[in-house]
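Below is one structure, written out as structure tokens; the observations come after it.
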Amino acid sequence: MISVEEAKHIILQNTLDFGTEEIPFIESVGRILKEDIVADRDFPPFNRVAMDGIAINYLHFKNGKRNFKIEGIQPAGSAKLTMQYPENCIEVMTGAVLPNNCDTVIRYEDVLLENGIATITIDTINTHQNVHPKGKDKLQNDVLIDKNTLISAAEIGVIATVGKSTVKVAKQPKVIIISTGDELVDVHENPLDYQIRKSNVYTLVSLLEELNIPSEIVHITDSKSILKEKISSYLQEYDVLLCSGAVSKGKFDFLPEVFTELGIDKLFHKVAQRPGKPFWFGIKDNSVKNNNAIVFAFPGNPISTFVNCLAYFYPWYYKSIGNKEDKRFAVLSENIIFKPNLTYFLQVKLENVNGQILATPIKANGSGDLASLVNADGFIEIPKTADIEFKKGTIFPLIRYKK
């Protein structure tokens with residue numbers, strides 16, 4: 001049995017490169033950018049009018065002139081006008097190009113328009129006011145968005161403005177989620193007294209959807225020969241196998257044997273943690289796909305599957321696609337006692353108090369208490385130690401699954 005730290009290290013040493021793909025930019029939210037986005041021209045690309053009003057040559061205002069004859073109107077989206085007489089003015093609209101021979105914009109609120117004359121009604125203005133100079137934000141060929149950025153709505157706007165109709169992003173892994181156990185029936189079925197409905201696979205599907213990873217699900221009966229046949233084919237087709245159940249010491253927990261017989265290199269089995277101790281992790285060399293297949297085999301108890309996916313698969317995925325994982329922490333709000341010398345993923349309710357995230361333990365009935373996930377917001381990771389009492393006010397790493 002290895003420590004949580006060792007398990008994390010091994011997992012992060014065995015990431016995969018799924019390659020890249022080019023997709024329409026509007027479909028790229030939530031994906032990891034795999035190219036720098038550069039300015040195709042200066043930003044703004046011209047001296048841009050920032051207020052509706054009139055454009056003048058400041059020198060004439062400075063010399064005492066307050067009444068300016070209106071030569072014309074410069075709308076947004078039209079070719080740049082040239083003011084013929086520097087003592088005149090041109091009406092300008094927000095977003096328009098600043099006309100030639102003008103350097104300052106006075107907003108309509110500070111101007112009286114009458115009989116083709118614009119009279120400035122304030123005593124003080126500044127040269128170049130209300131003008132957004134060409135290239136002030138970025139220059140042509142400047143990097144606007146760095147490679148390996150997680151694309152959000154903010155990035156979409158920038159990608160659109162530089163004319164990138166498609167973008168290069170990290171390809172998502174091809175994932176199959178495998179459940180086992182003859183006691184499981186599907187959601188729409190009525191379970192017998194000795195059966196339960198499948199839930200773990202749907203939890204995993206949803207956890208992967210949070211990462212924009214599509215997945216397929218399959219249920220395999222408790223038969224070693226069938227497990228071996230099915231998993232052998234999945235290893236050829238998928239990048240990742242996420243399994244739930246059949247990795248402990250039960251008579252029908254065949255997965256560790258099947259993995260060995262299929263030549264999957266076991267990197268560890270059992271982690272010194274609660275919940276989720278029987279966790280199995282391995283890698284299979286796949287010359288057919290020219291890429292390895294990774295196997296995450298989680299214990300079948302719902303909380304074990306849930307926390308292991310968050311604590312291990314998520315960081316593995318982030319590193320595989322080149323994304324940085326945010327480290328979060330929370331403050332324990334009350335004293336707790338935990339006697340086993342294991343790392344403890346403790347379910348907690350979270351509260352923001354004066355900028356501190358406080359974690360309050362919730363009452364749950366072990367790793368099979370699926371309903372307890374609804375009452376919690378996340379887990380704090382209490383390290384393996386000889387201590388059994390953990391004090392209020394101590395800071396621990398946080399795995400948050402509710403916003």
Side-chain angles (χ1 to χ4, degrees), residues 11-12 14-35 147-153 155-156 159 165-180 184 186-188 197-220 230-245 264 281-284 286 288-298 300 302 305-326 373 399 401-403:
I11 286 171
L12 294 179
N14 287 278
T15 54
L16 298 181
D17 181 358
F18 314 119
T20 62
E21 61 181 341
E22 192 121 346
I23 63 173
F25 82 99
I26 198 61
E27 297 174 9
S28 66
V29 172
R31 303 291 293 274
I32 297 298
L33 185 66
K34 283 299 175 183
E35 60 176 317
K147 179 180 177 180
N148 290 328
T149 296
L150 176 66
I151 299 172
S152 70
E155 283 74 28
I156 290 293
I159 293 167
S165 59
T166 62
V167 288
K168 189 182 292 186
V169 297
K171 217 182 245 187
Q172 297 289 49
K174 193 173 181 185
V175 180
I176 188 164
I177 298 170
I178 302 167
S179 63
T180 62
L184 300 177
D186 215 335
V187 174
H188 63 275
R197 292 188 181 94
K198 287 183 279 187
S199 61
N200 286 356
V201 288
Y202 300 111
T203 299
L204 289 171
V205 166
S206 298
L207 285 171
L208 266 59
E209 283 181 351
E210 292 279 338
L211 303 172
N212 291 297
I213 302 174
S215 59
E216 297 181 43
I217 60 175
V218 65
H219 183 76
I220 307 176
K230 295 285 188 182
I231 290 174
S232 177
S233 66
Y234 299 148
L235 289 169
Q236 304 302 315
E237 189 176 351
Y238 294 91
D239 300 309
V240 181
L241 278 61
L242 283 182
C243 305
S244 176
I264 303 172
F281 178 75
I283 188 167
K284 169 71 172 176
N286 195 328
V288 175
K289 287 198 303 99
N290 196 29
N291 196 4
N292 293 332
I294 291 287
V295 178
F296 290 83
F298 303 139
T305 292
F306 194 83
V307 72
N308 277 334
C309 184
L310 292 169
Y312 297 104
F313 176 80
Y314 267 43
W316 175 87
Y317 167 75
Y318 289 138
K319 187 175 179 186
S320 289
I321 61 172
N323 190 21
K324 290 182 180 178
E325 183 185 12
D326 291 333
L373 289 173
I399 301 172
Y401 59 84
K402 286 186 184 176
K403 305 303 182 188

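In this text the structure is predicted, and so the values were computed from the model without any measurement.
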Determine whether Tyr317 and Gln172 satisfy the following criterion, side chain to side chain donor-acceptor pair (under 3.5 Å), listing intermediate values before the conclusion. CA-CA 9 Å; Tyr317 167 75; Gln172 297 289 49; 2.6 Å; yes
Discussion item. Between Phe298 and Phe313, is the ring centroid distance below 6.0 Å?
Written reply: no
For Lys402, I'd like to know if atom NZ has over 12 heavy atoms of other residues, nucleotides or ligands within 6.0 Å.
yes
- Task: Without swapping roles, check the side chain of Thr305 against the backbone of Pro302 for a donor-acceptor pair under 3.5 Å.
- Result: no
Practice task
Kindly say whether Leu12 contributes a backbone atom to a donor-acceptor pair with the side chain of Lys319 at under 3.5 angstrom?
Solution key: yes
- Task: Run the numbers on Ile26 and Ile156 for side chain to side chain contact (heavy atoms under 4.5 Å, CB included), then give the verdict.
- Result: CA-CA 7 Å; Ile26 198 61; Ile156 290 293; 4.2 Å; yes
Next item on the list: Using a 4.5 Å cut-off on heavy atoms from C-beta on, say whether the side chain of Ile213 contacts that of Val240.
Entry: no
* Main-chain N/O of Tyr318 paired to Glu325 side chain as donor or acceptor, under 3.5 Å -> no
Distance col, row Asn292:CG vs Leu235:CG, nearest 0.5 angstrom, shows 11.0 Å
Heavy-atom closest pair (Thr166 atom, Glu22 atom, distance to 0.1 Å) is OG1-OE2, 2.8 Å
Taken to the nearest 0.5 Å, the spacing of Ser233 OG from Ile231 CD1 works out to 9.0 Å
Check: Heavy-atom distance under 4.5 Å between the side chains of Tyr312 and Val307, does that happen here?
Finding: no
In terms of heavy-atom contacts, Pro315 and Leu310 come closest through CD-O, 3.4 Å
On a heavy-atom basis, the closest approach of Phe25 and Ile159 is CB-CG2, 3.7 Å
| field | Donor-acceptor under 3.5 Å (Ser215 side chain, Val205 main chain) | value | no
Asn148 and Lys34: side chain donor to acceptor below 3.5 Å: yes
_In the structure I gave you, are the side-chain heavy atoms of Tyr234 and Ile220 within less than 4.5 Å of one another anywhere?_
yes
> For Leu373, does its backbone N or O pair with a side-chain atom of Tyr401 as donor and acceptor, under 3.5 Å?
Replying inline: yes
Taken to the nearest 0.5 Å, the spacing of Glu21 CD from Arg31 CZ works out to 4.5 Å
Minimal heavy-atom distance between Ile11 and Trp316, with the atoms involved, is O-CD1, 3.3 Å
When you check the side-chain N and O atoms of Glu155 and Ser152, is any donor under 3.5 Å from an acceptor?
-> yes
Taken to the nearest 0.5 Å, the spacing of Leu211 CG from Ile321 CD1 works out to 7.5 Å
In short, Leu150 meets Gly30 closest at the heavy-atom pair CD1-O, 3.4 Å
In Ile294, Ile176, Val175, the residue satisfying side chain to side chain contact (heavy atoms under 4.5 Å, CB included) with Leu241 is Ile176
One should read off an interatomic distance between Cys243 SG and Asn200 CG, to the nearest 0.5 angstrom, of 12.0 Å
Scanning both residues in full, the closest heavy-atom pair of Tyr202 with Ile217 reads CE2-CD1, 3.5 Å
So OG1 of Thr149 and CG of Asn323: to nearest 0.5 Å the spacing works out to 8.5 Å
